[in-house]
Amino acid sequence: MHWADVLADELLKEDKKHVLATGITPSGPIHIGNMREILTSDAVYRCLLHKGGEAELIYVADDFDPLRKVYPYLPKSYEKYVGMPISEIPCPCGKHKSYADHYLISFLESLKEIGVKPRVYRANEMYKNGDYNEAIQIAMENMDKIKEIIQKISKRQLPKNWIPFNILCSKCKRMTSTEAVLYEYPIIEYKCSCGYEGEVDIRQGGVGKLPWRVDWPARWKMLNVTFEPFGKDLGTVGGARDTGERIVEEIYNYPAPKYTVYEFILLKGKGAMHSSKGTALSAEEMLKMTPPEVLRFLIMNNQPNKHIVFDSGLGLLNLVDEYDRWERVYFGKEEPVKGMKDYKKTYELSQPEKTPDEIPYQLPYRHLVTLVQIADTWEDVKKILLRTKQIPKDLSKTDEEHLKQRTTHARYWLHNFAPDIIKFEVKTKKKPQVTLDEKQKKFLSTLKEKIDSIDWKAENIHNIIYETSEEEKIPIKTAFKTIYQIIIGQEKGPRMGYFLSNLDKDFVLKRIEEIVK
RNA sequence: GGGCCUGUAGCUCAGCUAGGUAGAGCAUCUGGCUUUUAACCAGGUGGCCAAGGGUUCGAAUCCCUUCAGGCCCGCCA
């Protein structure tokens with residue numbers, strides 16, 4: 001059984017509406033670990049619906065959290081915002097409502113492409129609206145109990161004047177520099193290291209925030225959360241999950257949600273990613289280089305508790321090939337191999353939208369990577385595909401959209417992540433600087449004559465090159481090298497027959513002519 | 001110190017969430033192909049499933065112990 005079905009079955013033991021939660025503090029580029037989290041929830045969510053359960057998928061943006069420090073990707077000037085809620089800090093690019101939105105919005109856009117449609121909550125709004133008021137009051141009433149739970153389970157000593165509420169200083173707007181002096185419902189008197197002394201009324205929204213270890217369980221209760229996966233950094237003994245369980249059950253009188261712990265996604269050759277160190281690959285970027293169904297496949301095909309090594313180099317091509325293969329197996333075009341576990345469910349969960357009725361038109365991704373280097377736009381790529389009969393004239397609109405989308409991803413990958421070895425540029429404008437000896441020139445001119453009369457097809461081109469190299473008695477290696485040099489200015493290139501057939505025949509003829517004369 | 005994950009073919013890994021003759025890709029070898037961006041096709045070689053114990057008619061798979069490697073936590077969220 002697929003892992004998502006196992007989790008869904010677990011949840012279905014209780015016959016009620018399930019709320020599957022995920023979330024993140026958008027304090028920087030949202031990295032692919034969060035992509036894993038939300039796709040994990042999405043998988044369970046879909047399985048629940050599939051089994052006839054009632055469920056909702058939600059995403060909570062912790063945008064009322066304070067900025068902890070000036071991260072490497074921020075300008076020095078952000079020093080003055082450290083300690084302020086990220087929803088209250090200006091956007092680094094100026095185009096968004098706030099610092100938090102700057103990172104959140106583009107991530108939410110990415111979610112659309114991979115077909116995840118959660119209901120989005122923003123902590124800053126929830127606090128300001130007063131949604132948290134009751135939870136805050138309960139926390140304050142149970143201050144000692146909460147303190148005891150946290151101290152006992154996390155084995156951490158909390159300060160004497162600790163309260164389960166971080167007050168926002170009304171003068172300097174920071175949340176990390178205030179200290180409570182006196183609490184008498186509903187007023188907390190506080191002083192701030194900026195020198196300000198004042199008071200807040202906890203019945204008023206947005207005057208402060210529950211600390212994380214209390215905020216999390218409070219939210220479970222408030223939003224009726226029944227399932228929430230979390231990364232292994234949070235799954236540690238004595239961690240927020242452990243204290244949260246006790247707090248939600250004993251203070252908020254609500255059962256702790258079910259969960260699964262997910263492992264990290266590692267970047268091949270670079271190890272674990274840390275957004276705070278700026279070494280992370282952002283979720284958006286990962287999605288830009290990987291077709292959405294393939295990205296989902298990567299997550300769905302791996303149990304959450306296994307770490308995934310993502311190879312943004314040539315390994316990405318293998319991943320796409322693997323996906324395509326699973327697709328052929330799903331549609332019965334190929335026999336499943338032993339070990340292709342749960343291939344049906346895995347394939348279905350990999351679909352951003354609903355599973356297609358018949359197999360999408362497949363074109364080897366590697367080939368697409370070559371094509372996008374020959375033609376700049378999808379229209380031009382399409383022309384080549386049609387001319388060389390690599391796609392049928394009556395290709396469906398869906399298939400075309402799919403191929404078009406894949407070329408976009410291939411192009412992004414090529415420009416930003418592909419190793420140089422597979423890059424080339426067809427020198428259409430001017431001929432590359434090459435010095436050829438007489439033999440090579442003779443070879444080319446003979447080749448030109450022969451090419452002129454053939455049908456412009458990969459196989460024919462391939463054969464003609466061999467034939468000519470034999471006639472002219474030059475090594476086949478030299479023959480290939482010569483052609484690559486005059487077309488792309490390199491000594492090696494993509495498989496010659498297919499490559500040339502994708503180029504314009506007249507261009508090739510003209511180029512040879514220019515070189516030979 | 002605590003927690004999690006991993007250990008299966010030369011390499012990378014699947015199979016462990018159904019206990020029932022050990023699987024794939026790459027590499028290698030053979031044959032074919034007029035060897036071209038980690039080429040393609042057909043086939044072959046290759047494994048005491050880390051070690052030990054237990055449960056079972058039967059264990060890579062479940063349980064216990066040991067060894068080795070990786071990651072996370074012991075600031076904040």
Side-chain angles (χ1 to χ4, degrees), chain A residues 1-10 23-27 33 62 64-69 82-83 86 123 154-156 166 175-176 209-216 230-242 244 260-266 268 271-274 276 301-309 311 313-315 317-319 321-322 325 336-343 364 366-367 369-370 373 414 418-424 459 462-471 475-477 479-481 483-484 488 490-500:
Chain A
M1 203 166 27
H2 192 272
W3 55 263
D5 273 328
V6 173
L7 290 167
D9 281 349
E10 187 65 31
I24 175 69
T25 302
S27 60
D62 277 312
F64 207 50
D65 286 1
L67 181 68
R68 276 179 279 154
K69 60 174 182 181
V82 172
I86 54 177
S154 75
K155 300 195 171 62
R156 181 186 312 185
N166 297 331
M175 201 180 259
T176 47
K209 179 184 176 306
L210 295 170
W212 170 243
R213 281 178 186 261
V214 184
D215 182 301
W216 206 16
F230 50 88
K232 70 159 163 186
D233 52 335
L234 293 173
T236 193
V237 171
R241 169 73 206 190
D242 269 5
T260 183
V261 179
Y262 60 87
E263 259 280 351
F264 291 174
I265 299 182
L266 312 175
K268 185 171 180 174
M273 287 182 273
H274 303 278
S276 56
N301 193 28
N302 286 284
Q303 305 247 6
N305 63 0
K306 298 228 180 194
H307 74 253
I308 293 175
V309 178
D311 181 358
L314 288 169
L317 301 181
N318 288 341
L319 182 63
D321 284 351
E322 201 190 347
R325 183 175 179 192
V337 186
K338 219 174 177 177
M340 250 188 178
K341 225 189 75 177
D342 303 316
Y343 67 89
R366 284 181 157 75
H367 186 52
V369 169
T370 302
Q373 298 187 74
L414 199 62
D420 289 338
I421 184 177
I422 66 157
K423 291 186 194 173
F424 66 87
E459 202 190 342
H462 195 74
N463 289 339
I464 282 291
I465 293 171
Y466 274 100
E467 201 180 295
T468 316
S469 95
E470 237 166 60
E471 261 176 47
I476 187 66
K477 268 196 158 164
F480 279 116
K481 193 174 106 181
I483 304 171
Y484 286 126
I488 58 176
Q490 291 172 199
E491 298 200 349
K492 287 188 166 188
R495 290 175 65 105
M496 188 63 89
Y498 282 109
F499 177 50
L500 287 189

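Every chain is numbered from 1 and lettered A, B, ... according to where its sequence line falls, protein lines coming before strand lines.
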To the nearest Å, how far apart are A:E491 CD and B:rU35 C1'?
17 Å

Contact class for A:G239 vs. all strands (heavy atom < 4.0 Å): base, sugar-phosphate, or nothing?
nothing

What contact category does A:E470 fall into here, base, sugar-phosphate, or nothing, at under 4.0 angstrom with non-hydrogen atoms?
base

Can you figure out which of B:rA38, B:rU17, B:rA77 approaches the side chain of A:Q303 most closely?
B:rU17

Give A:I476 one of three labels, base, sugar-phosphate or nothing, depending on what nucleic acid heavy atoms sit under 4.0 Å from its own.
base

Of all the choices, B:rC76, B:rU36, B:rU17, which nucleotide is nearest to the side chain of A:V6 once you look at every atom?
B:rU17

Between A:E491 and A:Y484 the two heavy atoms that sit nearest each other are O-CD1, 3.6 Å

I'd like to know if A:K306 pairs up with A:E263 as an ion pair, taking the criterion as any Lys NZ or Arg NE/NH1/NH2 lying under 4.0 Å from an Asp or Glu carboxylate oxygen.
no

With side chains defined as the heavy atoms from C-beta onward, is the minimum distance between A:I422 and A:V369 less than 4.5 Å?
yes

Could you tell me which nucleotide pairs with B:rG1 by Watson-Crick or G-U wobble geometry, both distances under 3.5 Å, or answer none if nothing does?
B:rC73

What integer number of Å spans the P atoms of B:rU55 and B:rC73?
41 Å

Applying the 3.5 Å cut-off to both distances, the Watson-Crick or G-U partner of B:rG7 turns out to be B:rC67

Side chain of A:K306: nearest nucleotide among B:rU34, B:rA77, B:rU6?
B:rU6

Euclidean distance for P, B:rU61 against B:rA42 (whole angstrom):
34 Å

Would A:N166 and A:L210 count as a side chain to side chain contact (heavy atoms under 4.5 Å, CB included) if you check the C-alpha gap in whole Å, the side-chain angles of each, and the deciding distance to 0.1 Å?
CA-CA 6 Å; A:N166 297 331; A:L210 295 170; over 6 Å; no

Separation between the P atoms of B:rG3 and B:rG10, rounded to whole Å
34 Å

Looking at B:rA77, does its base get a donor-acceptor pair with the side chain of A:R68 below 3.5 Å?
no

Watson-Crick or G-U counterpart of B:rA42, or none if no pair lies under 3.5 Å
B:rU30

Write down the distance between NE2 (A:H307) and C1' (B:rU12), rounded to a whole number of angstrom.
11 Å

As a test of reading the structure: which of B:rA77, B:rU36, B:rA38 is closest to the side chain of A:D65, going by heavy atoms?
B:rA77

Evaluate whether atom CZ of A:F480 has more than 12 neighbouring non-hydrogen atoms of other residues, nucleotides or ligands under 6.0 angstrom away.
yes

Of all the nucleotides listed (B:rA77, B:rA38, B:rC76), which has the minimum atom distance to the side chain of A:R156?
B:rC76

Rounding to an integer number of Å, can you tell me how far A:I422 CD1 sits from B:rU36 P?
18 Å

A:L234 side-chain proximity, nearest of B:rA77, B:rU36, B:rC5:
B:rA77

Counting side-chain heavy atoms from C-beta on, which of B:rA39, B:rA38, B:rA77 comes nearest to A:T25?
B:rA77

Taking atom P of B:rA14 as reference, at what distance in whole Å does atom CG of A:N305 sit?
11 Å

Please say whether more than 12 non-hydrogen atoms of neighbouring residues, nucleotides or ligands are located less than 6.0 Å from NZ in A:K423.
yes

Between B:rU35 and A:H462, is there an OP1 or OP2 to side-chain N/O distance shorter than 4.0 Å?
no

The nucleotide from B:rU34, B:rA38, B:rC75 with an atom nearest the side chain of A:Y466 is B:rU34

Using the C1' atom in both, what is the distance from B:rU21 to B:rC67, to the nearest Å?
31 Å

For A:F499, answer base if it contacts any base atom (sugar-phosphate contacts may also be present), sugar-phosphate if it contacts only those atoms, and nothing otherwise; contact means non-hydrogen atoms under 4.0 Å.
nothing

Give me the distance, rounded to whole Å, that separates B:rC57 from B:rU17 when you measure between the C1' atoms they each carry.
24 Å

Which value, in whole Å, describes the distance between the P atoms of nucleotides B:rC29 and B:rC16?
34 Å

What interatomic distance, in whole Å, is found between C1' of B:rA22 and the corresponding atom of B:rG58?
15 Å

Toward the 5' end of RNA chain B, by each residue's nearest nucleotide, A:K155 or A:N318
A:N318

Hey, mind stepping through A:F499 and A:I488 against side chain to side chain contact (heavy atoms under 4.5 Å, CB included) and telling me if it holds?
CA-CA 11 Å; A:F499 177 50; A:I488 58 176; 3.8 Å; yes

To the nearest Å, how far apart are A:D62 CG and B:rC76 P?
16 Å

CG of A:D215 versus C1' of B:rC76: gap in Å, rounded?
13 Å

Do A:R366 side-chain and B:rA39 base share a donor-acceptor contact under 3.5 Å?
no

Please give, in whole Å, the distance from B:rU34 P to A:E471 CD?
16 Å

Does a nitrogen or oxygen in the side chain of A:R325 sit under 4.0 Å from OP1 or OP2 of B:rA24?
no

Of A:D233 and A:N463, the one whose nearest nucleotide on RNA chain B sits closer to the 5' end is A:N463

Is the A:F230 ring parallel, tilted or perpendicular to the A:W216 ring (thresholds 30°, 60°)?
perpendicular

Measure from CZ on A:F64 to P on B:rA77 and round the result to the nearest Å.
15 Å

Rounded C1' spacing from B:rA18 to B:rU56 in Å
16 Å

Look at the side chain of A:K209 and decide which nucleotide, out of B:rC72, B:rA77, B:rC5, has an atom nearest to it.
B:rA77

Taking the minimum atom-to-atom distance to the side chain of A:K232, which one of B:rG3, B:rA77, B:rU36 wins?
B:rG3

Describe the nucleic acid contact of A:K477 in one word from base, sugar-phosphate, nothing, applying a heavy-atom distance below 4.0 Å.
base

